[in-house]
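Input: a single structure, listed below in structure tokens.
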Amino acid sequence: LTNFRKKIGDLFRQELKTVDFIDLDNISTADLVHEVLIFLTAPTATVDFREFIRIQGGIDFFILSFDFILSRLDKYHRVTNENCQRFSKIERCLQMLENLTYMNSDNQNYALNFKNKMVVKS
């Protein structure tokens, strides 16, 4: 597993030039998949790939993740390490949603209408 994390870290450094926002020593499988999806769904990704992600429930996952993390924020918005990590995850979820909906009206409509306009209410 350590060797695998090193290879992933090297790949991220090579492709993204920085991995300051990723704790490679403590990254979970879900977070690793999340980061890979963000990389794969950059605005240059094909429309078909972004539609495939929507059909597989990817937009649902990121909207629900965003909502879950938002609900766990300290209601007093104190600056704590835990809240900083949550803000970072929120930022990554929003980046993913932006990548998936970029120039794709079907994905935009899907995201806006998901669960009775949950994104708009957030």
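- Side-chain N or O atoms of D67 include none that pairs as donor or acceptor with a backbone N or O of I63 at under 3.5 Å.
- Atoms OG and CD, from S105 and Q108 in turn, are 6.0 Å apart once rounded to the nearest 0.5 Å.
- Atom CG of D48 is separated from atom CD1 of I53 by 12.0 Å, given to the nearest 0.5 angstrom.
- C93 contributes atom SG, which lies 13.0 Å from atom CD of E98 (distance to the nearest 0.5 angstrom).
- Shortest non-hydrogen contact noted between R86 and R72 is NH1-O, 2.7 Å.
- Side-chain atoms of R50 never come within 3.5 Å of backbone atoms of T101 as a donor-acceptor pair (strictly under, hydrogens ignored).
- F114 is listed as a side-chain neighbour of L64, based on a closest heavy-atom distance under 4.5 Å.
- One finds the CG atom of N113 at 13.5 Å from the CE atom of M118 (value rounded to the nearest 0.5 Å).
- Atoms CZ and CD1, on R54 and I59 in that order, are 6.5 Å from each other to the nearest 0.5 Å.
- Atoms CZ and CG, on F52 and L100 in that order, are 12.0 Å from each other to the nearest 0.5 Å.
- Counting heavy atoms from C-beta on, the side chains of K89 and R92 never come closer than 4.5 Å.
- With contacts defined as side-chain heavy-atom distances shorter than 4.5 Å, the pair L112/K117 does not qualify.
- Around atom CD of E82, no more than 12 heavy atoms belonging to other residues, nucleotides or ligands sit under 6.0 Å away.
- Using modelled atom types, one finds a donor on one side chain and an acceptor on the other under 3.5 Å when comparing D60 with Y110.
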